[in-house]
Amino acid sequence: MEISDVHKNSKVLIDGIPYEVEDMEFMKPGKGRAIYRLKLRNLSDGSTIERTYHSGDRIDEARISTHEMQYLYQEDDHYIFMDTETFEQHFLSGVQLGNKKHFLKQGVVVAIQMMGDKPLGINMPTFVELEVMGSGIGDKKDTFSAQTKAAVLETGYTIAVPTFIKEHDIIKVDTRTGTYVERVSTRK
């Protein structure tokens, strides 16, 4: 594809490695061809690189498909998912999942990005509902801002929540930021 067809979130291949365009800067100098500066995130290991291209340059497009898969379990640093159509199992490492692994609970269906039959990454829903398994005592020293305390979720992730949240409450968490959004239901 022409470099001018590339946009943010495009999937491209560089030296056979799939990348996602995280940021793109276009510059038109007084003389010469336009310049495209790309910030690229490696879809296999999460690392980032920057590359510069000129107008008219070509770049290979990565053929990435998305499959719905059910999260089954974790074994060491591998997270096992099952394709909901073919029942094939695929493994993703903790590095590939990044912070998204903190919001996976058994049985949840997520979208997995695949290149051929190789899983690359995961698309989590923006919000997930998780149960609070334990919570600490709020810090009452700071009275000018919202009172918070630490709470451990059913996935083992620790998050700051308002002091009114109790054990076994279900809360909504933003998977992009890893922060508390609201209480969904209270314990019975």
Side-chain angles (χ1 to χ4, degrees), residues 1-128 130 153 155-157 173-179:
M1 77 167 79
E2 287 274 338
I3 191 66
S4 60
D5 295 331
V6 174
H7 54 82
K8 190 174 179 178
N9 297 326
S10 289
K11 312 289 189 286
V12 298
L13 269 180
I14 299 174
D15 300 329
I17 300 171
Y19 289 89
E20 180 177 62
V21 177
E22 281 197 338
D23 196 20
M24 184 169 186
E25 184 179 344
F26 174 77
M27 292 186 307
K28 177 78 174 135
K31 291 181 175 181
R33 299 186 298 168
I35 298 171
Y36 295 84
R37 288 202 176 126
L38 306 180
K39 183 177 180 184
L40 304 157
R41 185 175 58 83
N42 185 324
L43 291 174
S44 298
D45 65 11
S47 63
T48 59
I49 63 170
E50 293 188 13
R51 293 285 168 101
T52 302
Y53 296 91
H54 294 92
S55 62
D57 288 350
R58 297 191 65 79
I59 191 166
D60 293 329
E61 182 177 3
R63 307 265 182 231
I64 307 286
S65 60
T66 303
H67 298 262
E68 282 195 354
M69 295 195 195
Q70 182 179 29
Y71 172 60
L72 298 178
Y73 59 93
Q74 177 186 359
E75 187 175 286
D76 298 323
D77 190 41
H78 289 91
Y79 294 77
I80 293 87
F81 296 86
M82 181 181 68
D83 191 311
T84 56
E85 291 182 15
T86 64
F87 305 109
E88 289 180 48
Q89 291 188 1
H90 298 277
F91 305 86
L92 282 167
S93 70
V95 172
Q96 287 176 300
L97 293 174
N99 287 334
K100 297 171 184 171
K101 65 186 173 194
H102 300 302
F103 311 110
L104 284 172
K105 64 180 183 179
Q106 289 185 344
V108 69
V109 176
V110 294
I112 303 285
Q113 297 172 347
M114 305 277 292
M115 192 165 109
D117 58 353
K118 181 182 174 192
L120 296 175
I122 183 172
N123 292 335
M124 288 289 293
T126 304
F127 301 105
V128 293
L130 297 170
L153 304 177
T155 60
Y157 184 64
V173 178
D174 187 330
T175 60
R176 299 168 297 181
T177 60
T179 56

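The structure presented is a predicted model; accordingly, all values stated were derived computationally and were not measured.
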With the side chain counted from C-beta on, respond yes when [X] and [Y] share a heavy-atom pair under 4.5 Å apart, and no when they do not.
{"X": "Ile35", "Y": "His54", "value": "yes"}
{"X": "Val108", "Y": "Val128", "value": "no"}
{"X": "Val6", "Y": "Val21", "value": "yes"}
{"X": "Leu153", "Y": "Val173", "value": "yes"}
{"X": "Glu25", "Y": "Tyr36", "value": "no"}

What's the shortest heavy-atom distance between [X] and [Y], and which atoms?
{"X": "Met115", "Y": "Pro18", "result": "SD-CB, 3.7 Å"}
{"X": "Lys101", "Y": "Gly94", "result": "NZ-O, 4.0 Å"}
{"X": "Leu13", "Y": "Ile59", "result": "O-CG1, 4.4 Å"}
{"X": "Pro119", "Y": "Ile112", "result": "CB-CG2, 4.0 Å"}
{"X": "Glu22", "Y": "Lys8", "result": "O-CE, 3.1 Å"}
{"X": "Pro29", "Y": "Ala34", "result": "CD-CA, 4.2 Å"}

Checklist entry - So Leu104 and Tyr79, side-chain contact (heavy atoms from CB on, under 4.5 Å) or not? Walk me through it. => result CA-CA 10 Å; Leu104 284 172; Tyr79 294 77; 4.3 Å; yes
Tell me if the [atom1] atom of [X] is crowded by more than 12 foreign heavy atoms within 6.0 Å.
{"X": "Arg63", "atom1": "CZ", "answer": "no"}
{"X": "Asn99", "atom1": "CG", "answer": "no"}
{"X": "Glu2", "atom1": "CD", "answer": "yes"}
{"X": "Lys105", "atom1": "NZ", "answer": "yes"}
{"X": "Asp117", "atom1": "CG", "answer": "no"}

Hey, is the main chain of [Y] close enough, under 3.5 Å, to the side chain of [X] for a donor-acceptor pair?
{"X": "Thr52", "Y": "Arg37", "answer": "no"}
{"X": "Thr155", "Y": "His102", "answer": "yes"}
{"X": "Thr48", "Y": "Leu40", "answer": "no"}
{"X": "Asp83", "Y": "Glu85", "answer": "yes"}

Next on the checklist: Working note: Tyr19 + Lys11, criterion side-chain contact (heavy atoms from CB on, under 4.5 Å); need CA distance, chi angles, decisive distance, verdict.
Outcome noted: CA-CA 6 Å; Tyr19 289 89; Lys11 312 289 189 286; over 6 Å; no
If you round to the nearest 0.5 Å, how far is [atom2] of [Y] from [atom1] of [X]?
{"X": "Ser10", "Y": "Glu61", "atom1": "OG", "atom2": "CD", "value": "7.5 Å"}
{"X": "Ile122", "Y": "Lys100", "atom1": "CD1", "atom2": "NZ", "value": "7.0 Å"}
{"X": "Tyr53", "Y": "Met24", "atom1": "OH", "atom2": "CE", "value": "10.5 Å"}
{"X": "Arg51", "Y": "Ile3", "atom1": "CZ", "atom2": "CD1", "value": "11.5 Å"}
{"X": "Ser4", "Y": "Arg58", "atom1": "OG", "atom2": "CZ", "value": "9.0 Å"}
{"X": "Asp23", "Y": "Leu38", "atom1": "CG", "atom2": "CG", "value": "9.0 Å"}

Next on the checklist: The test is side-chain contact (heavy atoms from CB on, under 4.5 Å); show your working for Ile64 and Leu120 and say whether it passes.
Outcome noted: CA-CA 9 Å; Ile64 307 286; Leu120 296 175; 3.3 Å; yes
Checklist entry - Parallel, tilted or perpendicular: which fits the ring planes of Phe81 and Tyr71, with parallel below 30° and perpendicular above 60°? => result tilted
Checklist entry - Which of these, Met69, Lys118, Met82, His78, sits in a side chain to side chain contact (heavy atoms under 4.5 Å, CB included) with His90? => result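 With His90 as partner, side chain to side chain contact (heavy atoms under 4.5 Å, CB included) holds for just one option, Met69.
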Checklist entry - Charged N to carboxylate O under 4.0 angstrom, Glu50 versus Lys39? => result no
Checklist entry - Within 45° of the ring axis of Phe127 and under 6.0 Å from its six-membered ring centre, is that where the NZ or CZ of Arg176 lies? => result yes
Checklist entry - Can Asn123 and Gln113 be said to form a side-chain contact (heavy atoms from CB on, under 4.5 Å), step by step? => result CA-CA 7 Å; Asn123 292 335; Gln113 297 172 347; 3.1 Å; yes
